[in-house]
Colleague: 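So that we are looking at the same thing, I have put the structure below in structure tokens.
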Number of protein chains: 2
Amino acid sequence: MPGKPTIKDIARLVGVSHSTVSRALNGSPLISSVTRERIQAIADRMDFEFNEGARRLKNRKTGIIGVLYYSVLNDFRSSLYTNELFRDLRHSLERVGLDALVVEAYNDQSGQSNIARLIRQNKVDGFVIIHPEIRREDYELIKVHKLPIVHIHMISDGISRDSVDCFFTDNYEGGHLAARHLIDSGCRKIQVVRIDENEAEEFRQRTLGCLSALEEAGFIVDVEGFFSCDCSYKGGYRLVKENHIHLREYDGIFIPADIAAFGFLNALKEEGIRVPEDLKVIGFDDSPVGRMTLPSLTTIHQPREELADKASKRIRSLLFDDTSDEPIQEYVKPALVIRESS
Amino acid sequence: MPGKPTIKDIARLVGVSHSTVSRALNGSPLISSVTRERIQAIADRMDFEFNEGARRLKNRKTGIIGVLYYSVLNDFRSSLYTNELFRDLRHSLERVGLDALVVEAYNDQSGQSNIARLIRQNKVDGFVIIHPEIRREDYELIKVHKLPIVHIHMISDGISRDSVDCFFTDNYEGGHLAARHLIDSGCRKIQVVRIDENEAEEFRQRTLGCLSALEEAGFIVDVEGFFSCDCSYKGGYRLVKENHIHLREYDGIFIPADIAAFGFLNALKEEGIRVPEDLKVIGFDDSPVGRMTLPSLTTIHQPREELADKASKRIRSLLFDDTSDEPIQEYVKPALVIRESS
DNA sequence: GACCTCCATGCACACGTTTGCATCCTGCAA
DNA sequence: TTGCAGGATGCAAACGTGTGCATGGAGGTC
């Protein structure tokens with residue numbers, strides 16, 4: 001009565017041994033369906049939950065997932081969105097009984113990767129990789145130790161997508177949505193900004209999706225004339241400062257990263273270009289700060305919660321179920337969020 | 001050899017029983033100091049760490065601390081700073097082997113507080129309270145179940161500070177610093193904004209500290225003439241829109257909450273009031289977005305890491321050490337951060 | 001020397017779970 | 001009838017730690 005119910009309590013009530021309860025609740029095929037259902041019913045009624053401590057002890061697991069994630073906020077580069085993504089990931093992991101541990105994939109002072117240390121000390125059961133700056137040797141090390149890996153958001157060059165578990169935003173579709181929205185809002189001269197972040201595939205997909213929508217609508221696209229900037233607040237800011245005369249020729253612009261769009265908006269204000277009257281602006285990511293800018297930012301929502309959810313469930317499954325090890329790849333659909341800037 | 005070392009491994013090496021190792025490493029007074037040191041030396045050499053799973057199992061603890069925290073970002077009210085604080089708290093808790101669980105202190109649909117549920121289901125070992133919207137009955141419930149509580153950042157009305165464990169920023173000192181800085185920067189007509197957030201004590205202290213510095217410097221302070229706004233982006237924004245003529249009389253202003261200062265800065269830009277040339281602005285909190293505004297915001301840094309650290313260590317100690325239960329109150333010093341707005 | 005005290009240490013069990021192995025039962029073939 | 005197969009379930013040990021109780025030894029007193 002005092003404290004949480006255990007499998008033994010359930011066993012007593014059902015009239016079976018606690019082994020049977022354990023197997024039933026873990027989906028073992030050894031248990032007959034009628035017994036399983038009786039057990040499940042009682043467990044539900046009592047709000048039964050496994051004692052994670054005991055489970056981890058017995059399974060020799062820590063319940064901790066290392067998350068490789070570029071968390072440095074100092075320069076406000078691309079970290080705005082990944083911060084949010086990490087938050088959602090953390091919540092999803094919690095929901096499946098796991099904890100997240102931030103991993104800085106860099107050498108510490110000793111010159112040794114702390115990924116090696118984490119593995120050596122059995123600190124983590126597996127990894128979720130958000131940002132791609134992981135060194136080849138660390139990656140191999142994880143593989144050698146047979147720890148599961150799930151990728152979200154980006155993927156390192158040189159790793160074949162088909163051979164790993166990964167969940168991504170459909171960036172192409174997102175770019176397409178963005179262009180469609182500008183067209184539907186009446187824009188006739190649309191500009192696309194190219195993000196020069198190591199030629200990252202995700203940004204390229206956004207631009208390509210955008211172009212396809214423009215072409216479908218019969219727009220003539222001057223690919224050579226594209227602006228470009230890096231994925232940062234200052235990148236967007238400078239873009240305006242260096243091109244503001246040229247910018248007045250356009251009535252709509254797609255900036256495939258919110259963080260750059262923020263700098264862009266602020267610079268426009270300083271130049272006296274009105275948004276959305278003179279120029280409609282749409283970003284990409286749906287960073288929460290987008291609600292706070294003036295005007296607030298129309299953008300493409302990345303399905304963070306969904307990505308986080310899928311990744312969490314997948315890694316849980318890789319850890320506990322001995323299913324076939326066929327890797328899974330999945331693209332998740334983004335969504336348009338209309339605010340004041342368009 | 002394979003896997004992490006356990007207390008039994010250490011026991012074998014030292015030539016004692018694992019009980020002795022357990023006691024030694026937990027600081028039990030039963031162990032002689034010479035034995036303790038031998039054990040400690042070996043433990044250090046092997047990078048020994050306790051198996052948290054086993055520990056939690058044995059101690060009937062979950063290792064999870066419920067954090068009451070107003071996490072809703074929708075309206076961007078005061079949540080900007082508390083979000084950062086929570087992040088730091090999470091990291092500190094991790095460092096002492098604990099996990100944080102966000103607790104929304106509101107009734108869920110059933111009308112029942114989920115604090116009651118968490119306690120009933122033994123989901124948490126204790127609470128850290130960041131924001132003060134906790135209902136009397138929930139508070140009593142925690143007390144009745146003898147779960148430890150540590151307060152940071154704010155405290156509910158009707159709870160006596162002396163009777164609880166709490167760690168706060170020295171808000172008075174912070175306000176003092178802010179005013180000193182404006183004076184030292186050459187301001188001669190300084191305005192102070194009062195934040196009307198339920199007359200919260202923390203804001204009042206900031207204002208008071210500011211006033212004392214002004215008076216010390218021989219300024220004549222027109223308390224009646226103070227502006228006031230609520231603790232939100234829009235609050236600061238409106239403040240300008242409704243008082244911009246009046247504002248031109250001043251050359252320095254202290255806005256005791258960054259979030260309001262952000263709205264304030266944006267509105268100033270629209271009104272053509274230059275910062276810092278016409279008006280120097282200083283905020284309070286050191287929210288990270290302050291680096292991103294134009295101009296970036298001079299502010300008072302709240303010692304979040306330190307508050308988080310102290311709170312984490314304290315709750316750990318309340319959980320595991322059976323020290324005397326004298327509650328601890330501590331005020332931590334803030335620091336001035338100079339950026340472009342002053 | 002016998003007795004007692006006090007301090008340091010060991011023994012053994014418990015925490016809740018998983019799992020290899022043993023056991024039991026039912027049904028079917030010989 | 002016996003034997004056997006196979007499915008369902010129970011038994012018991014193990015994971016690493018904490019702790020009440022027993023034990024052993026050193027030192028002191030009479």
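Since we're looking at a predicted model, the values are computed, not measured. Every chain is numbered from 1, with letters handed out A, B, ... down the list of sequences.
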Colleague: Once the angle between the rings of A/F86 and A/Y69 is folded into 0 to 90°, is it parallel (under 30°), tilted (30 to 60°) or perpendicular (over 60°)?
Modeller: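 It falls in the parallel class, under 30°.
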
Colleague: Hey, is the side chain of A/R60 poking within less than 4.0 Å of OP1 or OP2 on D/dG16, counting only N and O atoms?
Modeller: yes

Colleague: Which one, C/dG16, C/dG10, C/dA8, comes nearest to the side chain of B/T35?
Modeller: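 So the nucleotide nearest the side chain must be C/dA8.
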
Colleague: Round to the nearest Å and state the distance from B/L57 atom CG to D/dT19 atom C1'.
Modeller: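 B/L57 atom CG is separated from D/dT19 atom C1' by 14 Å.
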
Colleague: B/K61 has an atom NZ; how far is it from atom C1' of D/dT17, in whole Å?
Modeller: 13 Å

Colleague: What's the NZ-P distance between A/K58 and C/dT17, to the nearest Å?
Modeller: 13 Å

Colleague: Verify whether the ring centers belonging to A/H153 and A/F167 lie closer than 6.0 Å.
Modeller: no

Colleague: Determine whether A/L85 and A/I152 make a side-chain contact, defined as any pair of heavy atoms from C-beta on separated by less than 4.5 Å.
Modeller: yes

Colleague: Nearest whole Å is fine: how far is D/dG16 P from B/E52 CD?
Modeller: 14 Å

Colleague: State whether B/R55 places a side-chain N or O below 4.0 Å from either non-bridging phosphate oxygen (OP1 or OP2) of D/dG18.
Modeller: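 The answer is yes; a side-chain N or O of B/R55 sits under 4.0 Å from OP1 or OP2.
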
Colleague: When only distance counts, do a donor and an acceptor, one from the side chain of A/H18 and one from the base of C/dT18, lie under 3.5 Å apart?
Modeller: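 By the distance-only test, yes, there is a pair.
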
Colleague: Classify B/T6 by what it touches in the nucleic acid, base, sugar-phosphate, or nothing, heavy-atom distance under 4.0 Å.
Modeller: sugar-phosphate

Colleague: Specify the separation, in whole Å, of atom CZ of B/R12 and atom P of D/dT17.
Modeller: 12 Å

Colleague: Would you mind reading off the distance between A/K8 atom NZ and C/dT17 atom P, rounded to a whole angstrom?
Modeller: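 After rounding, the reported distance stands at 9 Å.
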
Colleague: Please test B/R136 against B/E140 for salt bridge (charged side-chain N to carboxylate O under 4.0 Å, His left out), starting from the C-alpha separation and ending with a verdict.
Modeller: CA-CA 6 Å; B/R136 194 83 215 163; B/E140 297 302 336; 3.4 Å; yes

Colleague: From CD1 of B/I7 over to P of C/dG10, roughly how many Å is that when rounded to an integer?
Modeller: 12 Å

Colleague: How long is the gap from OG1 on A/T62 to CG on A/L101, to the nearest 0.5 Å?
Modeller: 9.0 Å

Colleague: Would you indicate whether the side-chain heavy atoms of A/I65 and A/V128 approach each other to under 4.5 Å?
Modeller: yes

Colleague: Answer whether the closest heavy-atom distance between the side chains of A/K61 and A/F320 falls below 4.5 Å.
Modeller: yes

Colleague: Closest nucleotide of DNA chain C for B/N59 versus for B/G15: which of these residues is on the 5' side?
Modeller: B/G15

Colleague: Could you list by number each residue of residues 20-31 of chain B showing a heavy-atom separation from DNA chain D of less than 4.0 Å, or answer none if no residue does?
Modeller: B/S22, B/R23, B/N26

Colleague: Tell me what A/S19 touches on the nucleic acid: a base, only sugar-phosphate, or nothing, going by heavy atoms under 4.0 Å.
Modeller: base

Colleague: Grab the CG-P distance between B/N51 and D/dT17 for me, whole Å please.
Modeller: 6 Å

